Amino acid sequence: MKRKAFADILKERVLILDGAYGTEFMRRGFKKSPEEILIEHPEAIKKLHEEYVKFGANALLTSTFGANPIKLSKIGLESHHDEIVRNAVRIAKSVSKGALIFGDIGPTGDLPYPIGERTFDEYYENFQKTAKILLEEDVDAIILETFTDILELKAAYFAVRDLSKDIFLIAHLTFDENSRTLTGTDPVNFAITFDDLDVDAIGMNCSLGPEEMLPIFEELSKYTHKFLTVEPDAGKPILKGDVVEYPIKPDEFAIHMDSYWESGANIIGACCGSNPAHTSKISTVIGKRSPVERDEKHLFAISSPSNVVNFDKFIIIGERLNPAGKKKLTEAMRTENVDYVVDQAREQVEKGAHALDVNFGVEQTISKNFMSKSVASITYKTGSPLSLDIQTPELLEFVMKRYPGRPLVNSARAVEDEFLKRADLMKKYGGILLALSMGERVPENFEDRKKSISHILDMAESVGLPKDRIIFDPIVLAIGAGADARETIKTISYLESLGLKSSFGLSNVSFGMPDRSYINGAFLTMAILNGLSSAIMNPLDEIVMGNLKASLLLTKRSQIEVEKVQGTDELLNLVLTGAEERLLSKVDELLKTQEPVSVIENHLKPVMDKVGDLYGDGKIFLPQLILAAQTAQKSFEKVQKLIPAGGNYGIFVIATVKGDVHDIGKNIVATIVKSAGYKVLDLGRDVPSEKIVDIAEREKPMMIGLSAMMTTTAPRIKDVTDEMKKRHLQIPVIVGGASLNESLAKALGADFYAKSATDAIKYLKTLKIS
Amino acid sequence: MEIIQIVPNEVALPERAIAARMGFKGLGSIPSEFRKQYEKAMSISMNLAKPVVAIENFVPYLSNGTLAMDTIEIKGTLARSQLGKSVEITAMLVTLGSAIDDKITELHEAGEELESFMLDAIGSELVEYAARHVDENLRSKTSLKGSARIAPGYVDLPINLNAWFASKFGEAIYVRSDPQSFTFLPRKTISAFIGWSN
């Protein structure tokens with residue numbers, strides 16, 4: 001079937017895809033993989049296909065999920081690759097009775113470099129071998145399903161699309177309950193990355209039941225304009241004796257399908273644990289429906305595998321991955337020292353860069369292998385999306401094709417031949433283009449820049465590159481060479497008036513001048529005031545970063561927001577998102593291989609330290625800190641119970657002083673201290689001084705925390721410290737509350753003043769457990 | 001003395017104020033990640049809070065050169081600047097009642113610290129905006145010029161004035177103050193004066 005004809009069908013009606021093969025064969029008593037069954041018992045494959053068609057499937061997957069050379073080599077069947085793939089298609093066709101045949105391609109099971117060892121090119125070559133046979137056997141569509149990594153999926157996509165522009169192509173990722181794939185991609189990232197590509201439908205399958213998958217699918221549907229496909233599992237598998245069972249029966253499964261249809265699904269099937277009865281129920285519920293029209297959002301964003309950077313806020317693009325004037329980086333690139341490059345990248349990200357510009361200097365001296373390894377390492381290891389500052393068209397194309405996400409491409413001038421070539425690459429490989437508001441010559445003033453912007457917009461429109469995939473560089477020239485920086489500012493203002501995004505290379509303005517940081521900082525402030533969207537700049541320059549922060553606050557474009565502090569640290573993600581049950585499961589997993597003490601010392605405590613640092617650095621807000629502490633607390637308690645005598649984690653006594661009934665601050669501190677593994681004796685509010693000292697004398701805590709909100713109750717702190725002196729108790733006292741400050745705390749006899757909720761932990765760490 | 005019951009839902013309670021109270025500084029709203037918990041806490045607040053205001057007007061006089069009304073002297077620069085020229089002074093005591101306090105404690109004891117914290121923040125803002133609600137109503141009904149609404153404990157307005165508020169109005173709306181610290185119980189309670197001048 002031709003691609004367009006397929007798309008026309010989907011505009012008219014929702015298609016029902018078949019269900020599981022692997023798990024269904026297991027249920028029917030087969031112990032081997034579908035590929036082996038295909039060789040040894042082709043009649044079993046044929047029978048299951050027949051049943052799916054009989055029970056209402058409009059489309060069948062060929063039994064080729066694992067039939068790619070890399071995967072087949074793991075079970076010694078790579079020499080049967082051609083035979084398996086061809087026979088799989090032929091068997092499906094022989095019983096299809098008009099149902100469409102989807103050539104199925106699954107992942108290799110190997111992770112990409114630098115998480116694993118596989119390269120894009122190995123994936124590409126591997127999948128192309130399978131795709132070639134599927135196309136020769138004239139399947140109606142190819143589906144890439146159950147992929148857990150966006151680079152591997154991209155490789156599979158190009159492997160197919162490079163062979164045929166006329167095959168209907170579907171790409172699926174598999175998400176975990178945290179809405180991310182194994183290597184960290186979320187559905188928004190998937191949508192923006194694959195919307196740029198020439199794929200027909202995107203979707204998801206496997207790993208989650210229909211209820212858990214729905215919110216992830218809904219998120220995907222909001223951001224893509226492609227057709228949508230979905231195949232949830234029949235719930236989470238349950239092991240009963242030797243038998244694996246999937247709990248969601250056909251009736252229940254079909255009820256959920258209504259929600260998928262409402263969210264815009266065009267092709268609906270079922271994955272692991274399903275069988276023809278599920279297909280029958282889905283068909284009954286959804287089978288004759290027209291698709292729902294969707295209203296998709298467009299994001300002006302770039303991405304790495306685990307991070308989407310949206311230009312709705314001001315974006316800092318680190319400039320330091322550029323060997324010009326940097327001996328060590330030049331040497332690292334010459335010797336292909338990827339680790340050094342990643343360290344340079346990480347430093348910028350830690351200092352606040354949202355994305356990184358990567359420039360390889362004299363590109364002819366750099367190997368393609370080093371380029372692609374550097375790009376993969378930076379994006380996977382730091383989570384930062386990249387601005388690909390690569391000038392040689394072939395090298396740029398090479399890297400764009402292998403980029404694991406949606407890049408920024410830096411750059412194209414308003415010169416027809418150059419711009420159109422870049423536009424072609426953008427359409428083929430995806431991304432956002434940084435377009436320079438200059439032609440062949442350096443612009444002298446705003447009018448020159450304005451003409452270039454107009455020319456770019458005309459050229460973009462002529463080739464169908466939408467405006468929301470272009471960011472304009474207003475061109476910054478060195479004032480030391482006589483340039484007037486105000487012409488750049490006028491251009492930024494003009495771009496803002498047209499609703500267009502802008503980004504520039506900040507440091508150019510001060511080239512050759514003394515006091516560069518001050519010039520850069522002031523110029524950035526002016527630019528932000530006039531609407532600059534992003535800058536390629538040095539995040540390590542504290543003066544410039546200080547100016548930036550202040551400018552954004554003053555222009556109400558504050559960067560204050562809830563940071564998505566997510567990445568590859570699973571435990572951190574779990575505590576920050578309040579995933580208490582999943583954290584407990586993760587802790588159970590850790591306890592299978594590690595001692596309880598190790599789980600606390602090497603996992604839970606470091607995570608809460610990180611949370612404390614994030615709060616201290618202003619990256620998370622107080623409610624996030626409380627949620628994280630509350631979430632971690634149960635895990636700590638659980639593990640501590642496994643340690644003989646509960647372990648020795650030190651006691652912290654806390655109370656609100658006599659006469660004070662305001663205890664919310666005290667409660668928060670108690671929760672945070674508990675979440676760091678200490679035993680907390682919370683004496684409550686309005687506590688008499690004698691009681692606090694009595695308990696301290698008896699329990700011998702590491703520290704006493706006292707809270708006093710009112711000026712009238714602050715003196716009660718002194719009652720406690722005086723009583724302690726009287727009894728010769730040498731226990732450090734930390735105090736906090738709205739009425740206190742550092743000097744008053746000292747005057748009241750306290751050892752420490754807690755300015756913020758995490759200070760108690762900070763000081764506790766400096767003390768030894770007695 | 002007049003007792004005014006306020007329907008919690010009728011108090012214009014801006015989300016930005018609650019967000020700021022919770023520590024989401026500069027955001028202007030509750031982030032989507034916390035909206036579910038926020039809405040739950042808000043719903044609990046609206047069910048449990050019983051805002052009530054006890055209010056009375058007094059004619060001020062000078063007692064040995066110090067501003068006075070009823071049985072109290074109102075000392076300090078804040079009182080002088082805001083109430084000094086008043087021909088009449090309104091005293092009000094606003095409380096949300098004790099149910100919300102109890103729920104905050106209950107949630108804390110159950111380990112639901114975030115919910116407890118959110119409820120506390122909403123309660124603090126709700127009582128403040130309930131007072132503002134009454135304040136606006138009073139200003140709309142008079143031709144006199146109103147001062148800023150000032151509360152004991154702020155600047156140099158003595159906090160022990162809360163004892164007078166509790167003795168004057170407390171019985172009517174079930175509020176008491178601690179004899180030493182002068183904090184109110186229930187905790188979501190605030191007191192205030194507004195001076196009215198020609």
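Side chains included, hydrogens not; waters and symmetry mates left out as well; all remaining heavy atoms used. Chain identifiers are assigned alphabetically (A, B, ...) following the order of the sequence lines, protein sequences preceding nucleic acid strands; residue numbering begins at 1 within each chain. Small disclaimer: the values here were computed from a predicted structure and weren't measured.
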For the pair B:Glu136 and B:Arg139, find out whether any cationic side-chain nitrogen is under 4.0 Å from an anionic carboxylate oxygen.
no

Charged N-O contact under 4.0 Å between A:Glu723 and A:Lys691
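Not counted as a salt bridge, because no side-chain N and carboxylate O are separated by less than 4.0 Å.
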
Neighbour count >12 (heavy atoms, 6.0 Å) for atom CD, B:Glu171
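At most 12 heavy atoms, drawn from other residues, nucleotides or ligands, come within 6.0 Å of this atom.
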
Are there over 12 heavy-atom neighbours, none belonging to A:Glu211, within less than 6.0 Å of that residue's CD?
no

Given the options B:Gly111, B:Ala121, B:Pro179, which has more heavy-atom pairs under 4.5 Å with chain A than any of the others?
B:Gly111

Highest number of heavy-atom pairs under 4.5 Å with chain A among B:Gln180, B:Met118, B:Met22 belongs to B:Met22

Under 4.5 Å from any heavy atom of chain B - which part of A:Asp682:
side chain

Check whether A:Gln630 gets within reach of chain B through its side chain, its backbone, both or neither, counting any heavy atom under 4.5 Å.
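Only the side chain of A:Gln630 comes within 4.5 Å of chain B.
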
Bottom line for B:Gln37: the part with an atom under 4.5 Å from chain A's heavy atoms is side chain

Ranking A:Val661, A:Thr713, A:Leu622, A:Leu627 by heavy-atom pairs under 4.5 Å to chain B gives rank one to A:Val661

For chain B, find which of A:Leu625, A:Ile626, A:Thr711 contributes the most heavy-atom pairs closer than 4.5 angstrom.
A:Ile626

Does one side chain, of B:His108 or B:Glu113, offer a donor that lies under 3.5 Å from an acceptor on the other?
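Yes - a donor-acceptor pair under 3.5 Å links their side chains.
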
For the side chain of A:Arg716 and the backbone of A:Gly659, is there at least one donor-acceptor N/O pair under 3.5 Å apart?
no

